[in-house]
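See structure below.
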Protein chains: 2
Amino acid sequence: MCRLPASSTGITLHKMALMSAQKKSAVKANLPAHEVVYRKIRDKVLFGKLKPGQAVTIQGLVDEIQVSMTPVREAIRRLTAEGALVNQGNRRVSVPQMGAGRFAELVFARQSIEPELARLAARVIKDKEIDELAGIDQRVNAAMDAGDVSGYMQENHSFHFTLYAHADSEILLPLAETLWLRYGPLYRIICGKYGTGSMVDQHEETLQALRDRDADAAAQAILNDIEQGFEIVRTDYGWS
Amino acid sequence: MCRLPASSTGITLHKMALMSAQKKSAVKANLPAHEVVYRKIRDKVLFGKLKPGQAVTIQGLVDEIQVSMTPVREAIRRLTAEGALVNQGNRRVSVPQMGAGRFAELVFARQSIEPELARLAARVIKDKEIDELAGIDQRVNAAMDAGDVSGYMQENHSFHFTLYAHADSEILLPLAETLWLRYGPLYRIICGKYGTGSMVDQHEETLQALRDRDADAAAQAILNDIEQGFEIVRTDYGWS
DNA sequence: CGACAAAAAATTTGATCATATTATCGCCCG
DNA sequence: CGGGCGATAATATGATCAAATTTTTTGTCG
């Protein structure tokens with residue numbers, strides 16, 4: 001899946017040293033520029049660094065990151081296709097805004113897709129991988145205790161998608177990712193308003209269901225986890 | 001929403017004549033190049049003009065359509081994000097192939113999303129719009145009677161998405177589109193193998209439910225329609 | 001002497017950039 | 001308050017660089 005290091009070609013140790021000197025991170029240094037830009041903006045949307053309605057310009061990103069226009073354009077097209085950004089007709093793009101109708105759609109879609117991913121994952125997940133999930137949940141709780149909103153959102157995302165990744169799903173998983181991209185900016189506002197203290201999750205119940213090898217219980221726990229997040233949004237915005 | 005014709009700038013009749021001579025359709029001639037390329041490849045995937053596994057090269061499209069690399073790259077990135085194409089690691093893209101597992105995911109996703117779109121649409125659709133749908137269904141049947149596989153697939157797509165468009169959905173509708181993009185190449189093979197004679201649909205039942213203002217019945221009719229298509233695939237490939 | 005395999009050159013394809021072109025927005029003036 | 005003018009940002013192209021595949025060459029072994 002990932003781009004393999006070019007070990008088959010005649011890359012010498014000398015050249016490797018040169019590369020790692022030029023680029024910052026030697027591990028994922030040879031990622032394409034458009035991929036780097038994509039991930040950068042994607043994470044900003046996903047973790048609420050960008051507000052709903054905020055404009056995203058090509059040249060702004062060209063200045064921010066040091067790349068040319070072409071990779072930025074590609075990244076923006078991709079993000080628009082994934083629903084992380086929207087085209088505003090007059091060739092401008094911005095972070096999408098949400099109303100009651102869109103939120104209802106988002107609720108329906110997440111409740112349909114994510115429990116199924118949890119169910120598929122529960123059937124094949126190994127004990128060792130459950131332990132890894134438990135470790136992520138500890139970091140979620142730590143971030144909540146520390147009042148670290150940004151860290152909470154990242155670790156919470158990590159918990160869900162580390163679980164879903166085990167479902168070996170090439171269709172449902174990308175769907176879930178687009179839904180989280182839509183949810184990110186809104187959820188960040190809610191978290192900022194109420195703080196991490198009021199956040200509750202069903203991660204413990206999920207972990208227990210996984211340890212019991214009970215796929216249906218895992219699906220139900222994820223459904224409950226999602227629903228608890230939605231409930232805060234619903235009451236705050238009055239979207240009942 | 002659409003790009004307005006550049007009437008504000010100093011475009012002379014002479015230049016207009018030149019443009020319409022160069023471009024085929026004067027109506028949507030001023031679409032961005034990347035959009036044109038995108039629609040071209042998208043329709044090819046959707047209606048099965050490209051086989052599963054078939055490679056799609058940038059330079060091949062540059063030669064086929066007469067545009068530069070940049071718009072083609074953007075179109076391919078967008079289509080990859082939508083699942084119409086897949087990245088094969090070594091920076092090449094191709095039409096995705098399907099196995100039993102992916103097919104099961106596709107079945108689940110379409111059965112979850114599309115009945116809901118039909119339900120939402122049924123609540124707001126007007127009589128006149130139902131008549132329009134009935135007209136499309138007649139064209140579906142005409143294509144089936146004529147044994148026109150390509151026409152059948154286009155009109156069938158038109159029937160579903162003309163209905164879904166009334167749902168006023170910005171989240172579920174794009175999801176359904178990506179699922180059809182995944183389904184297109186596979187379904188084209190099946191249609192080619194068995195011909196349009198063996199195809200059956202639930203469009204009449206759907207139309208009746210819409211006329212009855214029965215949203216649940218409309219959702220059920222679409223669910224049955226989808227299921228009938230899947231059944232042929234299942235038996236042919238032995239994916240039970 | 002022929003054939004297979006490994007290595008190297010060549011061609012093809014993809015990625016990035018700098019630049020020209022074109023459309024849109026904001027502002028000023030009538 | 002509306003229409004033209006300049007600034008700004010987006011689109012599209014061709015050129016350039018890098019990587020991967022294919023083809024050719026070469027050497028060795030049967």
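Worth knowing before you read on, the calculation uses all heavy atoms, side chains too, and leaves out hydrogens, waters and symmetry mates. Numbered from 1 within each chain, the chains take letters A, B, ... in sequence-line order. From a predicted model like this one, the values you see are computed outputs, not experimental measurements.
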Parallel, tilted or perpendicular: rings of A:His157 and A:Phe47 (30°, 60°): perpendicular

Pair A:Glu74 + A:Arg78, salt bridge at N-O below 4.0 Å: no

First of A:Arg92 and A:Ala33 reached from the 5' end of DNA chain C, by closest nucleotide: A:Ala33

A:Glu155 side-chain N/O to A:Arg139 backbone N/O, donor-acceptor pair under 3.5 Å: no

Gap between atom CG of B:Leu175 and atom CD of A:Glu105 - 0.5 Å precision: 9.5 Å

NZ/A:Lys193: more than 12 non-hydrogen atoms of other groups inside 6.0 Å: yes

DNA chain D-proximal residues of residues 55-65 of chain A, any heavy atom under 4.0 Å: A:Thr57, A:Ile58, A:Gln59

By side chain to side chain donor-acceptor pair (under 3.5 Å) - contacts of A:Gln111 (at least two apart): A:Glu227

Closest nucleotide among D:dA9, D:dA12, C:dG14 to the B:His34 side chain: D:dA12

Audit row: A:Asp168, A:Leu120, side chain to side chain contact (heavy atoms under 4.5 Å, CB included) steps and yes/no: CA-CA 8 Å; A:Asp168 184 36; A:Leu120 291 170; over 6 Å; no

Any donor-acceptor N/O pair under 3.5 Å between C:dA23 base and A:Arg91 side chain: yes

The helix from C:dC1-D:dG30 to C:dG30-D:dC1: angle between end helix axes, five pairs per end, rounded to 10 degrees: 10°

Matching residue for B:Phe230 among B:Trp239, B:Phe108, B:Tyr183, B:Tyr187 - test: ring-ring contact (aromatic ring centres under 6.0 Å, His included): B:Tyr183

Set of residues satisfying salt bridge (charged side-chain N to carboxylate O under 4.0 Å, His left out) with respect to B:Glu64, sequence neighbours excluded: B:Lys44

Contacts of A:Phe159 that satisfy ring-ring contact (aromatic ring centres under 6.0 Å, His included) - sequence neighbours left out: A:His203

Distance below 4.0 Å between B:Asn90 side-chain N/O and D:dT21 OP1 or OP2: yes

N-O pairing of B:Glu132 and B:Lys128 below 4.0 Å: no

Spacing between B:Gln88 atom CD and D:dA19 atom C1', to the nearest angstrom: 16 Å

DNA chain D contacts among residues 68-79 of chain A, heavy-atom distance under 4.0 Å: A:Met69, A:Arg73, A:Arg77

